[in-house]
Asks: 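My questions all concern the structure below.
Both counts, for ligands and for their atoms, begin at 1 and track the order of listing.
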Amino acid sequence: MDAFLSILSRPSAGLIGVFTCLYFILGAIYRLYLCPVAHVPGPRLAALSFWYELYYDVVRKGRYGFRIQELHKQYGPVIRINPYEIHCIDPEFYDEVYVGNLVAGERRRTEKWEWSARMFGTTMAAVGTTSHELHRLRRAGLNPFFSKRSIAELEPVVQNVVDKACLQLERRGREGIGRGEQAGGVNLRDFFAAFSADLIGEVAFGEGYGLVDKEDFEPGWQKLMMDLSRSTHLMKQFPWAYQILTRIPERLVALVHPLTKKLFDIRHDTRTKIDETRRATDIESQGVARSKRVDYPHPTVLQSLLTNPHLPAHELKTPRLEDEAFTLLGAGTITTAHTLTAIVCHILANPFIQHRLESSLSMLFAHESNGPIESTLAGLESLQYLNAVVQEGLRLSFGVSHRLSRVNPDAPLHYHRNYAGKDYDFAIPAGTPVSMTQMFVHLDPNIYETPHSFKPERWLSTPNDTEQRRKELRKMKHYLVPFSRGTRMCVGMHLAYAELYLMVGALFRDGGVGRRMRLWKTDESDVECVHDFFNPSPRLDSKGVRVQIIDQADS
Ligand code: HEM
């Protein structure tokens, strides 16, 4: 009674309490019964609050994706996974969500949902841009550099970085043997992370980071990139925390949150590179005059953006370019590194596959002795078995493990199909974030038989294939979506393919260091995704993919 009287005697506090309760009660009623996606099935807790997702992704460490998979078994192919977002697990709906039909000869507008777009912390980069039109403009700035043709012209640059990295791998192996180390040991997870970062540095800024030259390939780099990737779950939920960190003096940040300090250091370095390129391309700080060009040893992404005549001045300001350049580093490093690590681990774990791959590469490079082949990349791409290995590697490394949400702002989506023997009919209102997870598409047993096994053979075709087999192959190819699809798909796809083909080719060709590698205290579970930190992560106690490089004489 006394407590009640004291609330009345302080009406402002009492009123605040009443309004707060009302706010939560009405909000809960709206989310559960009245909002546009209230009719979509799913757990009540997820419909009520983002904390359901927070629990699985932050407390249980990247497990919400796997929880979503279980929820689909309970609630069907289309479910509500948080107060606003719908998730679909039926691969047949993939193109509807990511590509859509042409409207008056144009691709339909595809937006990103602000809540998930901010998870990268780079809202001024193409990847964090929500609006369709602004994204189109930003992609138009990136596309010319990353086209298949431009990447083909860049082949000598990529090959150079591959050759240098393989030499260092060889050296590290020899040193280990020389020191009588148990391993001659190398951690491929760290090696590929160092290689892919050096490559992006070279291609984006004209200068690699020299990580492959560092002791043990600078393991801190891979860790940093994975830690950043892991923090994307927090960035979604608490974007203000990052904003606060950016306002604290850096020396203090180094004490409170060393990861953010490292992030700041990379960003400083990126800013310096932007300024240098800006000066070199003689663009005024406002980005107006673009007359004098400097001869670079090879084109770079920054140079291509800064000299793009179609980008307005505000798109060329340093903070925006910094976001874009930083995204390239984030998006192009761990994705490619994880794919390469998984591919090589599966090859080494399967002697039959390794033997078949090596024979096929030996045949290609045997032709080289009759005269150098014009393009190693084109030669490698023409090898059916290598193609099969790369496709299977991309299938089982998924690209990214997190669901990718898209918003169609103009028209509702309609899910009206039979799934697992039952009919479903859902209207998904325009403007609703809808997501799918490419990991589940790649592991669908109706598309890929024994989906968890690494079987390059599934991709092979022969002229005698039956019509049924051809149909199956077409279906498998259609649903291989590691780079996603539609207007928001990966811009770096052709570069990624060049890296994968050239690196696997260099490792397993005659005399390649990969032929002398043996897995050491490692098995395929070290590349199996059990945590979704946007990028796939194996079990947390995995030490990476460790190999011994044995002496030439023993091989
Ligand atoms: C095996 C390697 C790679 C895979 C599997 C991959 C996969 C993906 C996927 C699935 C997306 C869509 C993300 C989303 O919807 O939010 C994406 C976006 C992106 N990727 Fe990649 N990526 C790879 C390598 C690269 C490389 C080498 C680069 C560039 C240097 C790159 C640059 C980007 C950029 C800039 C975006 C954002 C595109 C946009 O929003 O318009 N990626 N990537």
Side-chain angles (χ1 to χ4, degrees), residues 94 97-99 110-113 116-120 122-132 134-143 145-147 150-151 154 157-158 161 192-193 195-205 229 232 236 300-302 304-305 323-343 390-391 393-407 433-439 441-442 480-504 529 534-536:
Y94 194 88
V97 173
Y98 294 90
V99 188
T110 302
E111 313 225 300
K112 272 196 176 175
W113 182 33
S116 60
R118 70 189 182 204
M119 75 194 293
F120 311 106
T122 50
T123 45
M124 287 184 285
V127 76
T129 305
T130 49
S131 135
H132 174 79
L134 187 53
H135 177 260
R136 291 283 74 207
L137 178 74
R138 289 177 172 167
R139 272 299 284 253
L142 290 167
N143 286 341
F145 184 91
F146 287 102
S147 71
S150 305
I151 295 302
L154 221 56
V157 178
V158 182
V161 182
F192 287 128
F195 155 72
S196 56
D198 281 352
L199 195 271
I200 297 298
E202 186 65 50
V203 163
F205 314 122
S229 176
T232 53
K236 267 205 263 186
T300 69
V301 181
L302 277 183
S304 160
L305 285 170
D323 264 12
E324 202 68 274
F326 185 70
T327 303
L328 294 176
L329 200 55
T333 301
I334 286 295
T335 44
T336 319
H338 174 68
T339 308
L340 276 168
T341 310
I343 289 179
V390 169
Q391 278 172 304
L394 282 164
R395 184 182 73 80
L396 274 188
S397 49
F398 314 124
V400 299
S401 48
H402 202 59
R403 63 184 195 269
L404 300 175
S405 64
R406 301 288 186 263
V407 174
V434 184
S435 56
M436 293 184 66
T437 308
Q438 47 211 43
M439 175 162 61
V441 177
H442 289 187
L480 184 69
V481 286
F483 300 99
S484 185
R485 206 170 270 157
T487 53
R488 304 278 183 150
M489 74 178 286
C490 177
V491 77
M493 179 177 79
H494 298 301
L495 178 62
Y497 271 121
E499 289 180 63
L500 300 181
Y501 279 102
L502 291 173
M503 179 52 92
V504 177
C529 173
F534 191 80
N535 289 298

Asks: Quick test: of every protein heavy atom, which one is nearest to atom 26 (C) of ligand 1, and how far off is it to 0.1 Å?
Replies: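 Of every protein heavy atom, G332 CA, 3.4 Å lies nearest to atom 26 (C) of ligand 1.
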Asks: V491 and F145: side-chain contact (heavy atoms from CB on, under 4.5 Å), yes or no, with the steps?
Replies: CA-CA 9 Å; V491 77; F145 184 91; over 6 Å; no
Asks: Counting non-hydrogen protein atoms only, what is the nearest one to atom 30 (C) of ligand 1? Give residue, atom name and distance.
Replies: I200 CD1, 3.3 Å
Asks: Are the aromatic rings of F534 and F120 close, with centres under 6.0 Å apart?
Replies: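 Yes.
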Asks: Return the residue, atom name and 0.1 Å-rounded distance of the protein heavy atom closest to atom 6 (C) of ligand 1.
Replies: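 In this structure, atom 6 (C) of ligand 1 has F483 CD2, 3.6 Å as its nearest protein heavy atom.
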Asks: Hey, does the side chain of Y98 reach the backbone of L404 with a donor-acceptor pair shorter than 3.5 angstrom?
Replies: yes
Asks: With backbone taken as N, CA, C and O and side chain as the heavy atoms from C-beta onward, which portion of L142 lies under 4.0 Å from ligand 1: side chain, backbone, both, or neither?
Replies: neither
Asks: Search all heavy atoms of R136 against all heavy atoms of T487 and return the closest pair with its distance.
Replies: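 Smallest heavy-atom distance, with atoms named: NH2-O, 3.3 Å.
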Asks: Which of the numbered atoms in ligand 1 are under 4.0 angstrom from any heavy atom belonging to G399?
Replies: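 In order of number, 5 (C).
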Asks: For atom 40 (O) of ligand 1, what is the nearest protein heavy atom, given as residue, atom name and distance?
Replies: V127 CA, 3.3 Å
Asks: Among protein heavy atoms, which lies nearest atom 7 (C) of ligand 1, and at what distance?
Replies: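 Looking only at protein heavy atoms, the one closest to atom 7 (C) of ligand 1 is P482 O, 3.5 Å.
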Asks: Under 4.0 Å from ligand 1, counting heavy atoms only, is it the side chain of R136, its backbone, both or neither?
Replies: neither
Asks: Is a side-chain N or O of T341 found less than 3.5 angstrom from the main chain of A337, in a donor-acceptor match?
Replies: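 Yes: the side chain of T341 pairs with the backbone of A337.
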Asks: Using heavy-atom distances, let me know which of R139, R406, R403 sits nearest atom 15 (O) of ligand 1.
Replies: R406
Asks: Does K112 reach ligand 1, in the sense of a heavy atom lying below 4.0 Å from it?
Replies: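 Yes.
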Asks: Looking only at protein heavy atoms, identify the closest one to atom 21 (Fe) of ligand 1 and say how far it is in Å.
Replies: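 The closest one turns out to be C490 SG, 2.3 Å.
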Asks: Counting only N and O atoms by type, is there a donor-acceptor contact under 3.5 Å from the side chain of R395 to the main-chain atoms of H442?
Replies: yes
Asks: Students should be able to answer this: which protein heavy-atom is nearest to atom 24 (C) of ligand 1, and at what distance?
Replies: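 For atom 24 (C) of ligand 1, the nearest protein heavy atom is T335 OG1, 3.5 Å.
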Asks: Looking at CD1 of I200 and CZ of F195, how far apart are the two atoms once the value is rounded to the nearest 0.5 Å?
Replies: 9.0 Å
Asks: Tell me which part of T339 gets within contact of ligand 1: side chain, backbone, both or neither, using heavy atoms under 4.0 Å.
Replies: side chain
Asks: What residue and heavy atom of the protein are closest to atom 35 (C) of ligand 1, and at what distance?
Replies: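 Answer, as residue, atom name and distance: V491 CG1, 3.4 Å.
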Asks: Show which atoms of ligand 1 fall inside a sub-4.0 Å distance from at least one heavy-atom site of A126.
Replies: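 Counting atoms of ligand 1 from 1, those under 4.0 Å from A126 are 40 (O), 41 (O).
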Asks: Please verify whether a non-hydrogen atom of Q438 lies at under 4.0 Å from ligand 1.
Replies: yes
Asks: Near H135, which atoms of ligand 1 are under 4.0 Å from a heavy atom of that residue?
Replies: 39 (C), 40 (O), 41 (O)
Asks: With a heavy-atom distance limit of 4.0 Å, tell me whether R138 approaches ligand 1 through its side chain, its backbone, both, or neither.
Replies: neither
Asks: In ligand 1, which numbered atoms sit nearer than 4.0 Å to a non-hydrogen atom of E499?
Replies: 27 (C)
Asks: Would you mind telling me if ligand 1 is within reach of the side chain of M493, the backbone, both or neither, using heavy atoms under 4.0 Å?
Replies: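 Looking at M493 and ligand 1, no heavy atom falls under 4.0 Å.
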Asks: Donor-acceptor check, side chain of E324 to backbone of A126, threshold 3.5 angstrom: yes or no?
Replies: yes
Asks: Is it the case that the side chain of S196 and the backbone of A193 share a donor-acceptor pair, with hydrogens and angles ignored and the cut-off at 3.5 Å?
Replies: yes
Asks: Are any side-chain N or O atoms of H135 and backbone N or O atoms of T130, one a donor and one an acceptor, separated by less than 3.5 Å?
Replies: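 No, because the side chain of H135 does not come within donor-acceptor range (under 3.5 Å) of the backbone of T130.
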Asks: Backbone N or O of V127 within a donor-acceptor pair of the K112 side chain at under 3.5 Å?
Replies: yes
Asks: Quick check: does any side chain N or O of E111 sit under 3.5 Å from a backbone N or O of V407, one acting as donor and the other as acceptor?
Replies: no
